[in-house]
Amino acid sequence: MDKALLAKTAAAMVAKGRGILAADESAGTCEKRFQSVGVACTEENRRNYRGLLFSTPGVEKFVSGVILFDETIRQKADDGTPFADYLARKGVIPGIKVDKGTVEIPLAPGEKVTEGLDGLSKRLDEYFKLGARFAKWRAVITIGESIPTHTCLYANAHALARYAAACQAASIVPIIEPEVLLDGSHTVERCEEVTEATLRATYAALAAYNVVPECVILKASMVVSGKDCPRQAGVQEVAERTVRVLKRTVPAAQPGVVFLSGGQSDLDATAHLNAMSAMPGLPWPLTFSYSRALQNPALKTWKGSAANKNAAQQAFYHRAHMNGLAAQGKWKPELEKQAA
Ligand code: 13P
């Protein structure tokens, strides 16, 4: 474990005004996204699309790191450079998704646990050689009638902690992502309660597995109303509830917190981040680690055609720019119109 490297990587991931692009969609998720814009989900199309995002001129001003999928870290940019090296040369840290997705927890109906611990240390050593300096593991917590159960929180927290310890041993910074899903009709109060319980269980497990708090990044879901809840909490309420939960649970020693967008609209994800980052006295920098909220406009503009590449890159640049400002509490809705 190279603690100096871990600390350096973690600090760079959450550097001022920069955040992380999640481009680690599995082939299945990519299929859904590509289908929505009528593009065949072939390996070459996935390479083309990711290459388009990574080669966006100037985007490195706002993007500190990119989470890659196993296939992508083995692919090359148009000039023949492996993507990980290509990003590193731009000053963007390559990261890697290492979980293997979710399965139902036996005897816990409707609840899931994330797999991928078998052989993980060996895979991490290989990813380090391929250039990855941070990793991601996503756990999924569903809110429902009588869920999440303690079983679900416990199972996911322990998997996250074992993963995080393995990453640190391999000198790779772990992003721990316990995502509380926004699907459902639950209230924002219920989301706050579940998010707090989830983070408490997660940090207890991290301590039990000797994970070094200074070398972990939390990828948090925001405290929002369930998608189908009749009362949707406003921007300020989401910001206040989210920061309250984080302050209660996340050690101040942690280098930073990044957020997932989780199905929020692009503008909501930016506005929420902005409202939180503008709060005084935060113990850690906050920034983005969005997939959909950064990529949606670019994907819709690209539609699989090389002729749309420049316009798609501009759309991606714009969202990265807006979120880079939001990470500093400097975003304003008017800025959206100027660049549109
Ligand atoms: P979204 O921003 O689309 O939620 O994706 C973030 C992510 O990496 C989920 O694991």
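Remember, it's 1-based here, ligands and their atoms both numbered in the order they're listed.
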Relative to ligand 1, is Ser291 under 4.0 angstrom through side chain, backbone, both or neither, heavy atoms considered?
-> both
Please state which protein non-hydrogen atom is closest to atom 2 (O) of ligand 1 and give its distance, to 0.1 Å?
-> Ser261 OG, 2.5 Å
State, to 0.1 Å, how close Ala135 and Cys167 come at their nearest heavy-atom pair, and which atoms those are.
-> CB-SG, 3.9 Å
Find all atoms of ligand 1 within a distance of less than 4.0 Å from any non-hydrogen atom belonging to Ala22, and give their numbers and elements.
-> 8 (O)
Hey, could you give me each pair passing side-chain hydrogen bond (donor to acceptor under 3.5 Å, both in side chains) that has a residue in residues 244-257? Not counting sequence neighbours.
-> Glu192-Arg244, Glu196-Arg248, Tyr203-Gln254
Begin from the C-alpha positions of Asp266 and Arg319 and carry the test salt bridge (Lys or Arg N to Asp or Glu O under 4.0 Å) through to its verdict.
-> CA-CA 8 Å; Asp266 305 343; Arg319 286 263 49 83; 5.0 Å; no
Is there a donor-acceptor contact under 3.5 Å linking the side chains of Ser26 and Thr29?
-> yes
Pairwise side-chain hydrogen bond (donor to acceptor under 3.5 Å, both in side chains) hits with a residue in residues 138-154, at least two apart = Glu111-Thr149, Arg138-Glu179
Kindly say whether the aromatic ring centers of Phe54 and Tyr86 come within a distance under 6.0 Å.
-> no
Rounded to the nearest 0.5 Å, how far does NZ of Lys227 lie from CG of Leu181?
-> 9.5 Å
Output the list of atoms in ligand 1 that are nearer than 4.0 Å to some heavy atom of Tyr290, sorted by atom number.
-> 2 (O)
Quick one: does ligand 1 sit under 4.0 Å from the side chain of Arg292, the backbone, both or neither, non-hydrogen atoms only?
-> both
Contacting atoms of ligand 1, where contact means under 4.0 angstrom from a heavy atom of Lys219 | 6 (C), 7 (C), 8 (O)
Check each of Gln295, Arg33, Lys136 against atom 10 (O) of ligand 1 and report the one with the nearest heavy atom.
-> Lys136
Among protein heavy atoms, which lies nearest atom 9 (C) of ligand 1, and at what distance?
-> Glu177 OE2, 3.2 Å
For ligand 1, which atoms have a heavy atom of Gly262 less than 4.0 angstrom away?
-> 1 (P), 2 (O), 4 (O)
